Amino acid sequence: MPPLQDAILIAGPTASGKSALALKLAAETGGVIVNADSMQVYSLLDVLTARPQAEELSQAEHLLYGHVDPSEAYSTGRYMRSLQALQEKGAFAGRPAIFVGGTGLYFRALTQGLSTIPEVPTAIREKWRQAVIEEGAGALHRLLSERDPVAATAIHASDAQRIVRALEVEEASGKPISHWQKMAGPPVVDVESARLYVIEPDREELGERISRRFDMMLEQGALAEARALAGLDLDPALPAMKAIGARELIAADRGEISLDAAAELAKTASRQYAKRQMTWFRNQLGPQWQRLAI
């Protein structure tokens, strides 16, 4: 498929006002809003991942939100295939695609393409998922350092999901994941015609927004969502189980900590995540991205 013309990309940390800007631009251009956040793809986690609510959904068409079961490990590769399917159906015909989210790897794939990594057989995938449960991320990271030093350098020693991904790809294909990552496919968007924005809010103000938003999430039913997620009895290594606030609220629901303590822990985790996002965007998104302080 040819790259999308006149796309709009809005990157930024959690709670920075991305969705509001996307709605404004959708109203101005008649564009369709497309999710670019790896957690907002999951069903059930409506409140916990701060997905657009009914009022926002009524103002513009939204795509790729809440379409993946929490029991699945949705990857950047699957995200790209989902976009290709939408293109083939003509979802963006005659109107700009407005990508909005906080997942840096999605934006990199959109603008630079993604390597075509071979499929991993279920048996191999399950083997490494079990290995990380039994041995821990640190031990598997040391193994990855021996098998693929390039990938190990780029992956934090506690990032179990990416460590497992690298090891399963190496076993399934016979080549390290760093080999496949050098072979990028075509980008989804035409960067020359695109409008690229990255939101860089004041950090102190962002921290206050995060606190207010989590309080609102509690009012909107975040605790019930966490309880429902726990009831699925999923592998804790799955991405959906790492939704910020889920682990803390599950602990509160089980009586292990107070709800107030859970809220404070979740707010702290969200602020730390926002800091990591801002660092990534600052270092990885080049001068063609317009910086916005909103």
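If you're wondering where the values come from, they're calculated on a predicted model, not measured in any experiment. Just so you know, residue 1 is the first one in the sequence shown, and it goes up from there.
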Residue pair L249, D253: steps toward the side chain to side chain contact (heavy atoms under 4.5 Å, CB included) verdict: CA-CA 6 Å; L249 291 179; D253 193 53; over 6 Å; no
Nearest heavy atoms of L229 and P70, plus distance in Å: CD1-CB, 4.1 Å
Atom CD of E28: over 12 foreign heavy atoms under 6.0 Å: yes
Flag, side chain of N283 to backbone of T279, donor-acceptor distance under 3.5 Å: yes
Residues, nucleotides or ligands: over 12 heavy atoms within 6.0 Å of Q288 CD: yes
Minimum heavy-atom distance between R291 and F281, given as atom pair plus value: NH2-O, 3.1 Å
Under 3.5 Å: donor-acceptor pair, side chain of E248, backbone of G245: yes
Flag side-chain contact, heavy atom, 4.5 Å: V198 against L9: no
Any donor-acceptor N/O pair, S145 side chain to A152 backbone, under 3.5 Å: no
Q290 side chain reached by L196 side chain, heavy atoms, under 4.5 Å: no
Atom pair CD (E264) and CG (D260), whose distance is rounded to the nearest 0.5 Å: 7.5 Å
Check ion pair K127-E168 (N to O, under 4.0 angstrom): no
Over all atoms of both residues, closest heavy-atom pair of V100 and F107: C-CZ, 4.3 Å
Ion pair check, E72 and R78, cut-off under 4.0 Å: yes
Connected via hydrophobic side-chain network under 4.5 Å: Y197 and L285: no
For H156 against H141, the heavy-atom pair lying closest together: O-CD2, 3.8 Å
Aromatic plane relationship, Y79 with Y106 - under 30° parallel, 30 to 60° tilted, over 60° perpendicular: parallel
L232 side chain reached by S71 side chain, heavy atoms, under 4.5 Å: no
Donor-acceptor under 3.5 Å (T29 side chain, G31 main chain): yes
Q161 side, atom CD; L238 side, atom CG - distance, nearest 0.5 Å: 8.5 Å
Close side-chain approach of I10 to L25, heavy-atom, < 4.5 Å: yes
Close side-chain approach of L140 and E135, heavy atoms under 4.5 Å: yes
Lys/Arg N to Asp/Glu carboxylate O, E146 vs R142, below 4.0 Å: no
Q130 and E134: CA distance, side-chain angles, deciding distance, side-chain hydrogen bond (donor to acceptor under 3.5 Å, both in side chains) verdict: CA-CA 6 Å; Q130 187 61 33; E134 295 176 355; 2.9 Å; yes
Atom pair CD1 (I98) and CG (L21), whose distance is rounded to the nearest 0.5 Å: 8.5 Å
CG on L167 to CD1 on I177, rounded to 0.5 Å: 9.5 Å
Student check: side-chain heavy atoms of E170 and H179 closer than 4.5 Å: no
Cluster check L64, L44: I/L/V/M/F/W/Y, side chain < 4.5 angstrom: yes
Basic-acidic side-chain contact under 4.0 Å: D215, K267: yes
Verdict with reasoning, T14 to Q277, per side chain to side chain contact (heavy atoms under 4.5 Å, CB included): CA-CA 8 Å; T14 185; Q277 287 177 297; 3.9 Å; yes
Candidate pair E56 and R51, rule side chain to side chain contact (heavy atoms under 4.5 Å, CB included), full reasoning: CA-CA 10 Å; E56 297 167 297; R51 280 209 307 268; over 6 Å; no
Same apolar cluster (I L V M F W Y, side chains within < 4.5 Å links), Y273/F214: no
Note, T49 side chain near I244 side chain (heavy atom, < 4.5 Å): no
CA sep, side-chain torsions, deciding dist, call: D69, S43, side-chain hydrogen bond (donor to acceptor under 3.5 Å, both in side chains): CA-CA 6 Å; D69 191 274; S43 61; 4.6 Å; no
Side-chain heavy-atom pair L23, H62 within 4.5 angstrom cut-off: yes
Approximate separation, where rounding is to 0.5 Å, of R165 CZ and T76 OG1: 9.0 Å
R247, CZ atom: more than 12 neighbouring heavy atoms under 6.0 Å: no
Interatomic spacing from CG in L292 to CD in E200 - rounded to 0.5 Å: 8.5 Å
Side chain to side chain contact (heavy atoms under 4.5 Å, CB included) between W180 and V169, intermediate numbers included: CA-CA 9 Å; W180 298 108; V169 166; 3.7 Å; yes
Connected via hydrophobic side-chain network under 4.5 Å: V188 and I8: no
Y42 (side chain) donor-acceptor with M241 (main chain) under 3.5 angstrom: no
E88, CD: over 12 other non-hydrogen atoms inside 6.0 angstrom: yes
Donor-acceptor under 3.5 Å (E126 side chain, A123 main chain): no
Where L86 and L63 come nearest, the two heavy atoms and their spacing: CD1-CD1, 4.0 Å
Donor-acceptor under 3.5 Å (Q84 side chain, M1 main chain): no
Polar side chain donor-acceptor pair, S16 to R209, under 3.5 angstrom: no
Hydrophobic cluster membership, Y65 vs L105, 4.5 Å side-chain cutoff: no
S58 side-chain N/O to E55 backbone N/O, donor-acceptor pair under 3.5 Å: yes
Closest approach of D148 to S178 (non-hydrogen atoms, all atoms of both residues): OD1-OG, 2.9 Å
